[in-house]
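Below is one structure, written out as structure tokens; the observations come after it.
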Amino acid sequence: MSKLSRQVVIRELINRQEVGSQDALRRLLFRRGHRVTQATLSRDIHELGLVKTDDGYKLPQGEDSEPSLPSIERLIETFVYDVRTALNQVVIKTSAGSAQPVSAAIDAEEWEEVVGTIGGDDTILAITPSAKTAAQLAQRLRKYFA
């Protein structure tokens with residue numbers, strides 16, 4: 001699993017529930033498919049700027065609940081390796097563990113061509129209004145990694 005997807009999950013977990021210790025966080029991550037060492041988790045906590053309180057780990061004051069993502073261009077360039085159209089749908093293949101962050105970034109762009117996306121582990125399904133817009137979306141995505 002990628003560092004980016006793991007850190008997105010960490011922020012999501014911290015926002016949804018009280019997480020009182022690194023070991024509790026490590027177990028929650030394990031249940032979500034992220035196997036991490038204590039050292040890796042410590043680095044993630046530091047990089048995310050999490051604060052330890054009496055109630056557990058919290059995001060720094062003033063942080064939005066939504067994680068900030070790298071630019072869509074960078075995500076596609078780094079993680080996407082194939083794009084295929086099927087009628088009004090676009091199937092986007094990513095490296096393992098990267099589909100959800102890339103899917104979230106595509107949704108955040110609010111492109112006209114995209115009705116919505118579903119991100120799995122290494123595959124994104126993007127729904128478009130028509131076959132024509134599916135071809136346009138595929139072309140837009142390919143220019144970043146081809």
- For the residue pair R6 and T40, establish whether any side-chain heavy-atom pair is separated by less than 4.5 Å. yes
- Query: Just checking, any donor-acceptor pair under 3.5 angstrom between side chains of T85 and Q89?
  - Reply: no
- Message: Is it the case that over 12 heavy atoms from other parts of the model lie below 6.0 angstrom from the OH atom of Y81?
- Response: yes
- Would you say T53 and V51 make side-chain contact, with heavy atoms under 4.5 Å? yes
- Within the side chain of S98, is there an N or O that forms a donor-acceptor pair under 3.5 Å with the backbone of T94? no
- Message: Quick check on the hydrophobic clustering: are L59 and L29 connected, directly or via other members, by side-chain heavy-atom contacts under 4.5 Å?
- Response: yes
- Query: Are the charged groups of R16 and E12 less than 4.0 angstrom apart, N to O?
  - Reply: yes
- Task: Would you list the pairs meeting salt bridge (Lys or Arg N to Asp or Glu O under 4.0 Å) in which at least one residue belongs to residues 49-61, sequence neighbours left out?
- Result: none
- Query: Same cluster or not: are I106 and I127 linked, directly or through other Ile, Leu, Val, Met, Phe, Trp or Tyr residues, by side-chain heavy atoms under 4.5 angstrom apart?
  - Reply: no
- Message: Using the rule that Ile, Leu, Val, Met, Phe, Trp and Tyr join whenever any side-chain heavy atoms are under 4.5 Å apart, tell me whether Y57 and L13 fall into a single cluster.
- Response: yes
- P129 backbone acceptor or donor facing N88 side chain under 3.5 Å: no
- Without swapping roles, check the side chain of D44 against the backbone of Q7 for a donor-acceptor pair under 3.5 Å. no
- Item | Pairwise side-chain contact, V80 with Y144, heavy-atom cut-off 4.5 Å (strictly under) | no
- Message: Given 3.5 Å as the limit, does a donor-acceptor pair link the side chain of T133 with the main chain of S130, or not?
- Response: yes
- Report yes or no: do I72 and I124 belong to one cluster of Ile/Leu/Val/Met/Phe/Trp/Tyr joined by side chain heavy-atom distances under 4.5 Å? yes
- Task: State yes or no: do L48 and V19 share one hydrophobic cluster built from I, L, V, M, F, W and Y residues joined by side-chain heavy-atom distances below 4.5 Å, directly or via other members?
- Result: yes
- Query: So, the side chain of R84 versus the backbone of I92: is there a donor-acceptor pair under 3.5 Å, distance only?
  - Reply: no
- E112 atom CD, over 12 foreign heavy atoms within 6.0 Å: no
- Any chance you could measure L41, atom CG, to Q22, atom CD, to the nearest 0.5 Å? 5.0 Å
- Neighbour count >12 (heavy atoms, 6.0 Å) for atom CD, Q139: no
- Look at the side chain of T117 and the backbone N and O of A126, then say whether any donor-acceptor pair between them is shorter than 3.5 Å. no
